[in-house]
Amino acid sequence: MRIATWNVNSIGARLPRLLPWLEETAPDIVALQETKCAAGAFPYLAVQALGYEAVAAGDGRWNGVAILSKLGLTDPTTDLAGYPEARLAAAQCGPLHVTSVYVPNGRSPEDAQYPYKLEWLAALRARLDGFEPTQPLVIMGDFNVAPTDDDVWDVRAFSGSTHVTPAERAGVQALVDWGLSDVRARPGKGDHPFTYWDYRAGMFHKDLGMRIDLVLATASTRVTDAYVDREARKGKLPSDHAPVVVDIDL
DNA sequence: ATGTCATCTTAGAGATGA
């Protein structure tokens, strides 16, 4: 079984990249983030034509998440403890429970968005109380957290910034401590499996990226391979994130 | 280290967020 997560930075703008990618990569389940698309305007028919059922959350301009599944999609939810923003979608997809997340960015450690980010991560952890660490389960998406110093191109450049603070990392670690593994993908280039590169300043070309798109999986998913699809970050009108593709043996 | 991109407002360039 192949699963993937991709922050597409607008599904409307990215459909010409997403649909061919789905056909070539043939994932069974895909978590999408930053669809920037109202739930009612989601391109259900376009993905249905490729064999996917979908659940989408979105209020239009910002945020927006979705799950695509070829293996069935039951008990969908888009609610996280009453948080109003469209940042979580979850469903049972055949044998696997899947959650797609778009964790708040935080903006800066001084911004009100920063404690909001930490609270949101804590709510995500609390939500796991309804599940078992022994069951096949993944939480994947854009966490807006680089779990280690090695997950940014130069940690010195992040002094005073979000994404690398101990509190944010503790928020992700709490998910791991519950019983999830941070699946380490093979890098597409260099030593670092970065998943995001700023559009500006030739960051992608210089491989000055960050590993902030994560796949957190329970042991029973039995991961056999994982890679960052760097090709999807190249070419015409790419997202600023690359997909992470994970093969599991369920 | 901010050189780009996407969206919305509301009809053209500016604001916002990442």
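Predicted model only: the values in this text are computed from it and were never measured. Side chains are part of it too, since the values below use all heavy atoms of this structure and drop only hydrogens, waters and symmetry mates. Convention: sequence-line order gives letters A, B, ...; per-chain numbering from 1.
- Remark: A/Y227 engages no residue in a ring-ring contact (aromatic ring centres under 6.0 Å, His included) (not counting sequence neighbours).
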When the side chains of residues 125-136 of chain A are checked against the rest of the protein, which donor-acceptor pairs come out under 3.5 Å, sequence neighbours left out?
residue : atom : partner : partner atom : Å
A/R125  : NH1  : A/D129  : OD1          : 3.0
A/Q135  : OE1  : A/E132  : N            : 2.8

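- A salt bridge is absent between A/D150 and A/R211: the closest approach of a Lys/Arg side-chain nitrogen to an acidic carboxylate oxygen does not fall below 4.0 angstrom.
- Nucleic acid contact for A/R14: sugar-phosphate only, since backbone atoms but no base atoms lie under 4.0 Å from a heavy atom of the residue.
- Residues A/D151 and A/R169 are not paired through a salt bridge, judged by the lack of any N-O separation under 4.0 Å between the basic side chain and the carboxylate.
- Nucleotides B/dG3 and B/dC8 are separated by 24 Å at their C1' atoms, to the nearest Å.
- The stretch residues 205-214 of chain A touches DNA chain B through A/K206, A/L208, each having a heavy atom within less than 4.0 Å of the strand.
- A search for side-chain hydrogen bond (donor to acceptor under 3.5 Å, both in side chains) contacts involving A/W120 returns nothing, not counting sequence neighbours.
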Compile the donor-acceptor pairs under 3.5 Å between side chains in residues 243-250 of chain A and protein atoms, sequence neighbours left out, one pair per line.
residue : atom : partner : partner atom : Å
A/D247  : OD1  : A/R2    : NE           : 2.8
A/D247  : OD2  : A/R2    : NH2          : 3.1
A/D249  : OD2  : A/R222  : NH2          : 2.8

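- Rounded to whole Å, the separation between the C1' atoms of B/dG12 and B/dT7 comes to 15 Å.
- Listed by chain and number, the hydrophobic cluster partners of A/L118 are A/Y114, where partners are ILVMFWY side chains within reach of under 4.5 Å, directly or through others.
- For A/S10 and B/dT7, the shortest distance from a side-chain N or O to OP1 or OP2 is below 4.0 Å.
- Using a 4.0 Å heavy-atom criterion, one finds that A/A157 contacts no nucleic acid atom at all.
- As a whole-Å value, the separation of A/M203 CE from B/dA1 C1' is 7 Å.
- Across the protein-nucleic acid pair, A/D59 atom CG and B/dC8 atom C1' stand 13 Å apart, rounded to whole Å.
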What does the B/S/- profile of nucleotides 9-18 of chain B look like, 5' to 3', with a 4.0 Å heavy-atom cutoff to protein?
------BBSB

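- Remark: the separation of the C1' atoms in B/dA15 and B/dT10 is 13 Å, to the nearest Å.
- Partners of A/Y199 under the ring-ring contact (aromatic ring centres under 6.0 Å, His included) rule, at least two apart in sequence or in another chain, do not exist in this structure.
- A/Y102 belongs to a hydrophobic cluster with A/V65, counting contacts under 4.5 Å between side-chain heavy atoms of Ile, Leu, Val, Met, Phe, Trp and Tyr, direct or through other members.
- Only the P atoms considered, B/dA1 is 33 Å distant from B/dA13, to the nearest whole Å.
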